Amino acid sequence: MPVDIVVVGSCNLDLVVNVEHIPQVGQTVLGGDLQRIPGGKGANQAVAAARLEKSVAIVGRIGDDESGSLLQKNLEDNDVNIDYLFSSTGVPTGVALIAVQGDGDNTIVVSPGANSKLTPEDVIAAPPIAEAQVVLLQAEIPIETVLAAAEIAKGIVIWNPAPAPNEIVPLELLDLVDVLIPNKKELELLAGTEKANNLDSIVEMVQTFPCSSTIVTLGEQGAVVVASNEAVHIPAPDITPVDTTAAGDSFCAAIAASLVEGKDLIKAAQWAVQVGSATTLVAGAQPSLPTPKEVHQRLKDR
Ligand code: RIB
């Protein structure tokens, strides 16, 4: 039976240290104990969608090392189908070095490892992509592989261009995307201008893209949905975050899950803002991804 959502994306082992303040260039700071936490934008979005009660498969690559085995087991434990999680011999599994500071903000450096070996041939070898209702893509795998997955997809294509690609994004990719979900910085990088400082400029920038709809995430300010020449701001609940890691990932997964349920984009974004906010109230990438019940509970308890 086809799954609801296929994620084509990265798997990383997150090496996380809590610090009082993220160090400046040239500065050394002391932090807490090192934590090893399953992460990667692809795997996070897959696990998030599964916790939101959707059937999910991931297409990705890990290395044949201990980290790869740990990430694979974690995906299985979270009911994510791993039939198309390939293993690369002699290549390390992706790693993310994450510093989380007191106010929950972070910096992340990713060493892609096996994620960079996921090829267009791999996605061609994965029939679930063509069968899924929603295909969810990010930018921690080669851009040509993202494009190949979007070409194969017959359902709704969501692209979260995170981290913003350094190379020029092929226009044919943006043409194939039904819902683009950048944050403000990614929007500016995609548009090639640093002007996303108010709603009007965000809408103006979004309208230069050929995608049918865009949702710009704005962190504590919520999100803006731009579709059919209309822009709607969705505010976020007033919370004090513990760790913002993976909040963007659970947001994207909640949009995908909502579209599977037949919600419109505004309703989807309202739910996704709640899910993303609830994610910031618990530390660590995948440990923080909530079930629907946990979303309500965490926001009630805050
Ligand atoms: O979005 C958060 C994720 O970004 C982390 O889990 C890390 O692995 C990087 O991919």
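The structure displayed is predicted, hence computed values, not measured ones.
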In Å, rounded to the nearest 0.5 Å, how long is the span from [atom1] of [X] to [atom2] of [Y]?
X	Y	atom1	atom2	answer
Leu71	Ile82	CG	CD1	11.0 Å
Ser258	Leu52	OG	CG	8.0 Å
Thr217	Lys185	OG1	NZ	13.5 Å
Leu15	Asn12	CG	CG	9.5 Å
Asp103	Thr280	CG	OG1	11.0 Å
Gln72	Cys11	CD	SG	9.5 Å

Might you work through the side chain to side chain contact (heavy atoms under 4.5 Å, CB included) test for Asn115 and Ile62, ending with a clear yes or no? CA-CA 7 Å; Asn115 297 306; Ile62 50 175; over 6 Å; no
Looking at every heavy atom in both [X] and [Y], which two are closest together, and how far apart are they?
X	Y	result
Ala132	Val6	CB-CG2, 3.6 Å
Ala272	Ile255	CB-CD1, 3.6 Å
Ser277	Ala236	OG-CB, 4.1 Å
Val273	Pro237	CG1-CD, 3.9 Å
Lys54	Glu261	NZ-OE2, 2.8 Å
Gly113	Ser116	O-OG, 2.7 Å

Do other residues, nucleotides or ligands put more than 12 heavy atoms under 6.0 Å from the [atom1] atom of [X]?
X	atom1	result
Asp77	CG	yes
Ile168	CD1	no
Gln24	CD	no
Asp33	CG	no
Glu220	CD	no
Asp301	CG	yes
Gln207	CD	yes
His21	NE2	no

Under 3.5 Å donor-acceptor, [X] side chain and [Y] backbone:
X	Y	value
Thr291	Glu294	yes
Ser213	Asp178	yes
Asn74	Leu70	no
Arg298	Val295	no
Ser69	Asp65	yes
Glu186	Asn183	yes
Arg51	Leu289	yes
Ser250	Thr279	no

Are the charged groups of [X] and [Y] less than 4.0 angstrom apart, N to O?
X	Y	result
Lys154	Glu131	no
Glu76	Lys73	no
Arg36	Asp14	no

Go through the steps for Asp4 and Val56 under the test side chain to side chain contact (heavy atoms under 4.5 Å, CB included), then give the verdict. CA-CA 6 Å; Asp4 297 326; Val56 185; over 6 Å; no
Within a strict 4.5 Å, meaning less than it, do heavy atoms of the [X] and [Y] side chains meet?
X	Y	value
Leu137	Asn160	no
Gln101	Asn106	no
Val47	Leu75	yes
Trp159	Pro182	no
Leu176	Leu147	yes
Ile58	Tyr84	no
Ile156	Ile158	yes
Ile234	Ile266	yes

Val225 vs Glu230, side chain to side chain contact (heavy atoms under 4.5 Å, CB included): CA-CA, chis, key distance, verdict: CA-CA 8 Å; Val225 181; Glu230 202 198 0; over 6 Å; no
Could you walk me through whether Gln138 and Leu136 pass the side chain to side chain contact (heavy atoms under 4.5 Å, CB included) test, one step at a time? CA-CA 7 Å; Gln138 312 76 33; Leu136 190 45; 4.1 Å; yes
Linking I/L/V/M/F/W/Y whenever their side-chain heavy atoms sit closer than 4.5 Å, directly or via other members, would [X] and [Y] fall into one cluster?
X	Y	result
Val282	Ile239	no
Ile152	Ile143	yes
Leu199	Leu180	yes
Val216	Val232	no
Val179	Met205	no

Applying the side-chain contact (heavy atoms from CB on, under 4.5 Å) test to Asn44, which of Asp249, Thr245, Val7 qualifies?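 Per the side-chain contact (heavy atoms from CB on, under 4.5 Å) rule, the option paired with Asn44 is Asp249, out of Asp249, Thr245, Val7.
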